[in-house]
Amino acid sequence: MREGYEGTGPGAITPDGCAVEFYSRLPVGDEPDVIAAAVPAGARILELGSGVGRMTHALLERGFEVTAVDESAEMLERVRGARTICSPIEDLDLGEKFDVVLLASFLVHAGDAEVRRGLLRTCVRHVAEGGSVLIQREGEDYHTNVPRERVDPSGFTVRITSSEPVGDGANSVRAEYEFPDAVWTQTFRTRPLNKKQFEEALEEAGLRAAQYLTEDRIWVRAVPGGPGERGA
């Protein structure tokens with residue numbers, strides 16, 4: 001288990017506190033549509049932190065070729081139809097380039113700044129010339145609108161019960177996921193990044209924010225290079 005991370009509930013728990021069975025139950029949201037609209041048809045995608053393949057499978061259905069990477073073998077056992085690689089993201093070096101590198105699930109907000117740097121270096125190492133890195137950020141009220149609760153239409157409840165500073169700019173967040181037949185919790189560390197801090201982190205890694213893909217600026221298309229168009 002990574003320091004500062006914990007998970008409880010039925011089934012296997014990954015090093016960052018994620019419950020494999022919970023993520024296997026999650027419905028697919030609009031993320032695959034956001035991705036598909038931002039990249040060329042049939043692109044080769046390197047999906048970093050794929051988990052059980054919730055987005056992997058939706059991207060395959062849309063005609064993309066996906067290589068799914070996760071540090072949890074239990075997660076990757078649920079992935080179907082994609083090449084899978086079991087590895088911590090920050091250690092990955094495939095010696096290959098991809099049209100699209102996908103860093104979703106708010107991974108760019110890793111509580112350890114050095115881990116974040118490693119994640120972004122992996123993105124840069126694997127993106128082809130002319131390619132894109134698609135990154136999912138936290139919402140701007142993620143740490144201020146707490147506690148909060150959301151009932152998903154599919155029948156489960158998500159609660160963010162706390163977000164507390166733990167030093168060096170990181171917060172410890174506790175989440176609860178309640179289904180009629182099971183409850184999971186996860187405690188994890190995350191580093192809030194406003195738009196300016198996020199773009200500075202990209203630039204440090206040799207990327208620039210080329211386009212914000214959604215009005216809430218949660219999804220971003222980054223490209224290798226220096227400062228450029230950054231959207232509204």
Side-chain angles (χ1 to χ4, degrees), residues 1-36 42-96 98-112 115 118-119 122-123 125-126 133-136 152 154-158 173 175-190:
M1 194 67 63
R2 292 178 180 247
E3 182 180 357
Y5 295 75
E6 182 182 4
T8 67
I13 305 292
T14 69
D16 59 355
C18 294
V20 174
E21 183 59 35
F22 165 65
Y23 280 92
S24 296
R25 297 185 182 199
L26 274 184
V28 180
D30 63 356
E31 299 101 326
D33 293 329
V34 172
I35 295 164
R44 293 183 69 229
I45 297 177
L46 178 64
E47 183 185 5
L48 302 175
S50 66
V52 297
R54 183 174 61 92
M55 286 200 295
T56 315
H57 299 142
L59 292 170
L60 290 170
E61 289 170 358
R62 287 162 173 77
F64 297 104
E65 179 186 336
V66 184
T67 295
V69 177
D70 203 276
E71 68 178 347
S72 167
E74 291 92 347
M75 287 281 196
L76 290 175
E77 286 174 0
R78 309 289 182 105
V79 176
R80 298 288 179 266
R83 172 192 180 196
T84 59
I85 296 172
C86 189
S87 170
I89 296 168
E90 57 268 37
D91 297 339
L92 188 72
D93 189 352
L94 298 178
E96 300 176 42
F98 295 80
D99 304 314
V100 179
V101 179
L102 180 59
L103 187 70
S105 303
F106 316 130
L107 290 173
V108 74
H109 292 272
D112 184 330
V115 170
L119 300 178
T122 294
C123 292
R125 192 158 51 237
H126 291 90
V133 179
L134 301 190
I135 300 172
Q136 185 182 26
D152 191 89
S154 64
F156 68 94
T157 301
V158 178
V173 175
E176 298 177 355
Y177 314 106
E178 182 177 341
F179 285 75
D181 62 337
V183 176
W184 287 272
T185 72
Q186 183 182 11
T187 301
F188 55 95
R189 290 191 179 176
T190 179

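Given the structure is predicted, the values throughout are model-derived calculations rather than measurements.
Residues E74 and A12 come closest through the heavy atom pair CG-CB, 3.9 Å. When all heavy atoms are compared, the tightest approach of G155 to P180 is O-CD, 3.7 Å. For F188 against A175, the heavy-atom pair with the smallest separation is CE2-CB, 4.4 Å. For A58 against V28, the heavy-atom pair with the smallest separation is CB-CG1, 4.1 Å. Closest heavy-atom contact between I35 and L134: CG2-CD1, 3.8 Å. The shortest non-hydrogen separation linking S50 to V79 is OG-CG2, 4.5 Å.
Within the model, atoms CZ of R2 and CG of D112 stand 9.0 Å from one another, a figure rounded to the nearest 0.5 Å. Atom NE2 in H109 sits 9.5 Å away from atom CG in L103 (nearest 0.5 Å). Expressed to the nearest 0.5 Å, how far OG1 of T56 lies from CZ of F64 amounts to 13.0 Å. Between L26 atom CG and E21 atom CD the span is 10.5 Å, to the nearest 0.5 Å. Of the inter-residue distances, the one linking E178 atom CD with T185 atom OG1 reads 12.0 Å to the nearest 0.5 angstrom. Separation of atoms OG1 (T84) and CD (E77) is listed at 9.5 Å; rounding is to 0.5 Å.
Side-chain atoms of P32 and E61, non-hydrogen and from C-beta on, never get closer than 4.5 Å to each other. Annotation: side chain of E96 is not in contact with side chain of L46 (no heavy-atom distance under 4.5 Å). I13 has its side chain within reach of M1: a pair of non-hydrogen atoms, C-beta onward, lies under 4.5 Å apart. Between F98 and T67, the closest side-chain pair of non-hydrogen atoms falls below 4.5 Å. A 4.5 Å side-chain heavy-atom check between S24 and R78 finds at least one atom pair inside the cut-off.
Using a 4.0 Å cut-off between charged side-chain N and carboxylate O, R54 and E47 make no salt bridge.
For T157, there are no side chain to side chain donor-acceptor pair (under 3.5 Å) partners two or more places apart in sequence or in a different chain. The ring-ring contact (aromatic ring centres under 6.0 Å, His included) check on Y23 picks up nothing, with sequence neighbours excluded.
Judged by distance alone, the side chains of D152 and S154 do bring a donor and an acceptor atom under 3.5 Å apart.
The side-chain tip of R25 points at the ring of F179 from less than 6.0 angstrom away and within 45° of straight on.
When V100, V101, V108 are each tested for a side-chain contact (heavy atoms from CB on, under 4.5 Å) with V133, only one passes: V101. Tested against S87, the residues D70, D93, L48, L92 include a single side-chain contact (heavy atoms from CB on, under 4.5 Å) partner, L92.
Formation of a donor-acceptor pair under 3.5 Å by the H57 side chain with backbone atoms of R80 is found in this model. The closest donor-acceptor contact from the side chain of Q186 to the backbone of G7 lies at 3.5 Å or more, if one exists at all. A donor-acceptor pair under 3.5 Å is formed between the side chain of T122 and the backbone N or O of I89.
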Candidate pair T14 and E71, rule side chain to side chain contact (heavy atoms under 4.5 Å, CB included), full reasoning: CA-CA 8 Å; T14 69; E71 68 178 347; 5.7 Å; no
